[in-house]
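These notes are about the structure you will find just below.
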Amino acid sequence: MREHLRPQTLPNAKSPWGTSEEEDRDRQTAMEADLAVLRTQLPDLLERFSRIKDPRRPGSVRHTIAVLLVYGVLMFVFNMGSRRKANAELSRPGLWEVLRLAFPELDSLPHTDTLARLLETIDPGEIEKVLFARMRALLRRQKLRSLMVERGYVIAVDGEQLWLRTTPFAPQATHRASGGEVHYAVYVVKAMLVCPEGVTLPLGAEFCENVEVDERGEIAEDVKQDCELKATKRLCERVKEEFGRLPILLVADSLYASEPIVTLCRRNRWDFMVVLKEGKMPSLWREIEALHALDGEENTYQQIWHGREQTIWWVNDVEHEVRDPKARRQVVYHVVVCEERWDERQVELRADGTEEEKEVTKTARHAWISGKRLNAKNVHSRCNLAGRHRWDLEEANWTDKHVQNMTHAFSLTWQAIKGWFYLMLLGSLIQTLALYSVGLWRLAERVGVTAMVDFLWQTYSVFRPNRDRLRETLTRPAQLRLIW
């Protein structure tokens, strides 16, 4: 199993190069490997972006809509944390000289303010459609088949708050009162493909937004605000429409442990593993614990996994009554509980100031509602390879905020906010494919995501490559070769 590439991993070591020739050789190789990935992605992006209707006056256009939007994607490929930084850094001549060798269509260098004005006028859903198309291409070419678990692609859904303001920057923003102030938020629900190898690939996103406003353009007081569950339902409908026959195993946190989400998954014919938090749905917990006591050891599976002693027990076909204002109905659940025990060495500080290393025994308990009946053959894969990898989406959210810097307001116009976010998802997709490509994986594994992206950026912006060797490499057919 591949280790997860963690964005915060930085080696505490000196430079791996002994001579400048060694560094030049590695930078040339890394640039060629990264360009091989870009050559499999950017041409399609340029072609699809060019289909989006350009609202600008033809006579005033200096940069094509395709060049502008690809420029926005590259901002996030290279982790430009703001429009100001992108203007200063992405305009370096070394970068564009190399990119133009591979992509002659990039014939102009735009300003981020030009891109920001464009995003205020185009439909952000058109950019998301391009993301859907790129993911469909990867799936159709069997590039992601090895990431499947239980014959399905594990899709995690969860919401994240990008940033808050105390000023009402857009009527669509959700708001809440806190400490005597009203805070206005940008909140988005993401769907991402996750897997045991730690790979996270964006599939789509839906913003929590108030769409019913009054004649002044403000949210009507008598209209209930949008929420994460409503946004999730809209996102799932769109994913079903775009990937109708895709076998999906949905994983989510305890917020989604409810009858509407379970019914939605079953209607879409999706498998699911949803966290069931202790204390939530207490009547269901009483039922499964009573049934487990009757079953004894019959529906129990024990193993040691990654140094942890696991006892997994399950109960199938539990009938749970849902109280609806209109009518009561029975919903059938399958529930699995994983109890873990492991030893961990910790350093404690003595009273005299010295350190003492102790071995501490820790325990944990996880529970999920399963979309399929459980047995000894599938509980390991469903719990350990699918359900618990919902946390990979949490790490992807951390990357959005602290690496891609989406806590920075790239715009205060609602339409543009959504456009910037979808460009970020496309940039994240290309960045992930590059980091897990055959040519860059070993270096990324050694130094971590952040240092690897910095290394590539320095290579493009400062390093002077061997142009003849680069041109020869660009004449070969581009292939996307991944390590998973």
Mind running side chain to side chain contact (heavy atoms under 4.5 Å, CB included) on Tyr187 and Asp226 for me, showing each step along the way?
CA-CA 10 Å; Tyr187 200 91; Asp226 199 10; over 6 Å; no
key: Greater than 12 external heavy atoms within 6.0 Å of Glu359's CD   =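 Enclosed.
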Got more than 12 heavy atoms from elsewhere within 6.0 Å of NZ, Lys277?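 Incorrect, the count does not exceed 12.
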query = Angle class for the His292/Trp313 ring planes (parallel below 30°, perpendicular above 60°, tilted otherwise)?
reply =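 It falls in the parallel class, under 30°.
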Practice item. Return the orientation label for the Trp163 and Phe169 ring planes: parallel under 30°, perpendicular over 60°, tilted otherwise. Key: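 The arrangement is tilted - the two ring planes meet at 30° to 60°.
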Can you measure from [atom1] ([X]) to [atom2] ([Y]) and round to the nearest 0.5 angstrom?
{"X": "Leu443", "Y": "Met452", "atom1": "CG", "atom2": "CE", "value": "4.0 Å"}
{"X": "Leu246", "Y": "Met135", "atom1": "CG", "atom2": "CE", "value": "8.5 Å"}
{"X": "Gln346", "Y": "Glu356", "atom1": "CD", "atom2": "CD", "value": "12.0 Å"}
{"X": "Arg365", "Y": "Thr311", "atom1": "CZ", "atom2": "OG1", "value": "11.0 Å"}
{"X": "Met148", "Y": "Ile248", "atom1": "CE", "atom2": "CD1", "value": "10.5 Å"}

Testing Phe78, Tyr422, Phe49 one by one against Val73 for a side-chain contact (heavy atoms from CB on, under 4.5 Å), which residue passes?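 Checked Phe78, Tyr422, Phe49 against Val73; only one passes side-chain contact (heavy atoms from CB on, under 4.5 Å): Phe49.
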Query - Passing candidate, side-chain contact (heavy atoms from CB on, under 4.5 Å) with Leu203, options Leu193, Leu429, Ile155, Leu131 - result: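 Of Leu193, Leu429, Ile155, Leu131, side-chain contact (heavy atoms from CB on, under 4.5 Å) with Leu203 is met by Ile155 alone.
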With a 4.0 Å cut-off on N to O distance, would you call [X] and [Y] a salt bridge?
{"X": "Glu47", "Y": "Arg51", "answer": "yes"}
{"X": "Arg442", "Y": "Glu445", "answer": "yes"}
{"X": "Arg234", "Y": "Glu209", "answer": "no"}
{"X": "Glu237", "Y": "Lys240", "answer": "no"}
{"X": "Asp271", "Y": "Arg382", "answer": "yes"}

**Prompt:** Taking it one step at a time, do Phe207 and Phe421 satisfy ring pair (Phe, Tyr, Trp, His ring centres under 6.0 Å)?
**Reply:** CA-CA 10 Å; Phe207 281 74; Phe421 190 78; 5.6 Å; yes
Checklist line | 4.5 Å side-chain heavy-atom contact, Phe410 and Ile417 | finding: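 SC-SC contact between Phe410 and Ile417 ruled out.
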